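So the structure is just underneath, and the comments pick up after that.
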Amino acid sequence: MDGSTDQNIGVTTKAGFVIVFGKPNAGKSTLMNALLNFNLSIVNRKVQTTRNRISGILTEDNFQIVFIDTPGVLSPKYELHKFMLSEIASSFDEADILLMIVDAAVRNPFEDVKYVYEAYEKNFGDKKKILALNKADIAGRDVLMPLSARLFEAFGFDEIVPVSALKKENIDRLKEVIVKFLPEGHFFYDEETLTDKPEKFFAAEILREKILSLYHDEIPYSVMVSIQEFAERSDKLVYINAEIIVERESQKAVIIGKGGESLKKTGAYARKSLEHFLGKKVFLELFVKVRKGWRNNKNFVKDSMIRNSPS
Ligand SMILES: Nc1nc2c(ncn2[C@@H]2O[C@H](COP(=O)(O)OP(=O)(O)OP(=O)(O)O)[C@@H](O)[C@H]2O)c(=O)[nH]1
Ligand SMILES: [Mg+2]
């Protein structure tokens, strides 16, 4: 043999980070999940579902895309929102490619693009910019064609792709466009890695997802889930001890419900999803605590958000 090594066999790999950003409820998390073909990031029809930057890693033969799902908060009202904004800013710094997503089924999607574009323009640098026109299943082709022509003319997007994240329409096309812009380089993670966040983080998110869908009014926004213990008791069993932290005594009473019924229901739903996600039996213990006005407590927000999700 003449000494040919792995390096000069000549398979070129591509790898890079793609930030998914846009207004609350645009479908950022749904889109990342569709691209990954896995429900990693929680989705809800209420706004401000996502609070942290969450990476989802897609590895195929010769490329690796690290998607970063971000919160959709734009004007901060609480310390919690400031934390969410800092998560967006750091995600822009990391990104190689920018993927803006807008709900194309709203009354004036052009205005929404303009709003988001102007809000984040300072973070763009000279990175490639892709716009996904989401919710194409309800927006309709007659709206999307002229809309993308106008958007191309008005803004500096490199590509505009209509998609339906929910129905998984045109997702492969979007993936092709991303791969086209992906820089050449080695993979950042093992081929099997799906995310950089620990299981414990997703345990908290799954519990929060159930609270988002089972409770109303201010409750979903006033809840923080903090995992106190996450212990693999055996190959088949995980013990999870979680605190549901609210801002007021009255909210605690609502979470628990009459005779503990509401909390029991929340726990049962969460346990089922957790077992599905972890592929193990879950023993779940829940406690409800009050931490007055925690959303405006900078240290509490920082400590708890980081404790749940080191990255
Ligand atoms: N019809 C339709 N609904 C969609 C589509 N994509 C997302 N949705 C819905 O829009 C709502 C918001 O979706 P999310 O993925 O949570 O939106 P997000 O941008 O991550 O929201 P935040 O995390 O709150 O900023 C959910 O009810 C989704 O089911 C789509 O392509 N078509
Ligand atoms: Mg989200």
Side-chain angles (χ1 to χ4, degrees), residues 18-56 67-78 80-89 91-92 98-107 109 112-113 115-116 119-120 130-141 143-144 147-148 160-175 195 197 201-202 204-206 208-216 218-225 273 295 305 309:
V18 178
I19 178 177
V20 184
F21 69 105
K23 283 183 83 168
N25 238 15
K28 299 176 292 298
S29 302
T30 312
L31 182 64
M32 181 173 85
N33 291 345
L35 284 155
L36 294 173
N37 211 8
F38 185 85
N39 288 339
L40 186 71
S41 195
I42 64 168
V43 166
N44 195 275
R45 63 190 166 76
K46 298 189 179 77
V47 299
Q48 291 169 5
T49 297
T50 308
R51 289 177 176 171
N52 302 77
R53 63 175 283 294
I54 301 170
S55 70
F67 292 104
I68 311 165
D69 185 14
T70 60
V73 64
L74 292 166
S75 53
K77 290 201 192 76
Y78 298 97
L80 173 65
H81 295 162
K82 286 187 195 158
F83 173 86
M84 287 156 72
L85 281 180
S86 73
E87 292 279 272
I88 303 176
S91 307
F92 270 109
L98 314 179
L99 174 56
M100 188 198 290
I101 165 166
V102 69
D103 179 345
V106 296
R107 203 143 56 94
D112 278 4
V113 174
Y115 182 73
V116 178
Y120 295 116
I130 304 168
L131 174 65
L133 294 176
N134 193 31
K135 311 199 186 181
D137 53 302
I138 36 181
R141 276 188 79 80
V143 173
L144 294 171
L147 175 65
S148 39
I160 298 180
V161 186
V163 293
S164 168
L166 186 69
K167 302 267 162 74
K168 297 194 180 170
E169 285 164 11
N170 226 20
I171 299 300
D172 283 343
R173 168 73 193 133
L174 178 59
K175 204 158 72 178
T195 179
K197 293 259 189 264
F201 169 77
F202 294 99
E205 288 290 273
I206 287 169
R208 206 161 57 78
E209 177 185 50
K210 301 308 167 210
I211 295 164
L212 279 167
S213 45
L214 292 171
Y215 297 91
H216 308 285
E218 268 298 286
I219 299 256
Y221 307 99
S222 309
V223 159
M224 157 87 73
V225 172
S273 292
R295 273 187 293 177
M305 297 298 273
S309 78

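The shown structure was predicted, so the numbers you read here are calculated from the model rather than taken from an experiment. Ligands are counted one by one from 1 in listed order, and the atoms in each one are counted from 1 as well.
- Residue-level contacts of ligand 1 at the 4.0 Å heavy-atom threshold are K23, P24, N25, A26, G27, K28, S29, T30, V43, N44, R45, K46, V47, Q48, T49, T50, G72, N134, K135, D137, I138, S164, A165, L166.
- In this model, a donor atom of one side chain and an acceptor atom of the other lie less than 3.5 Å apart for T50 and S29.
- Contact record, H81 with S75: ND1-O, 4.3 Å, taken as the closest heavy-atom pair.
- Taking 2.8 Å as the limit, the number of protein N, O or S atoms around the Mg ion (ligand 2) is 2.
- From N25, atom CG reaches atom CG of N134 across 10.5 Å, with rounding to the nearest 0.5 Å.
- One distance of note links OG of S273 with CD1 of I206; it measures 6.0 Å at 0.5 Å rounding.
- Under the rule for a side chain to side chain contact (heavy atoms under 4.5 Å, CB included), the partners of V116 that lie at least two apart in sequence or sit in another chain are F21, K23, M100, Y120.
- In this structure, S41 OG and M32 CE are separated by 4.5 Å, a value rounded to the nearest 0.5 Å.
- Residues S164 and D137 have side chains that bring a donor and an acceptor to within less than 3.5 angstrom of each other.
- Legend: residues meeting side-chain hydrogen bond (donor to acceptor under 3.5 Å, both in side chains) with R51, ordered by chain and number and at least two apart, are absent.
- To the nearest 0.5 Å, atom NZ of residue K28 and atom CG of residue D103 are 10.0 Å apart.
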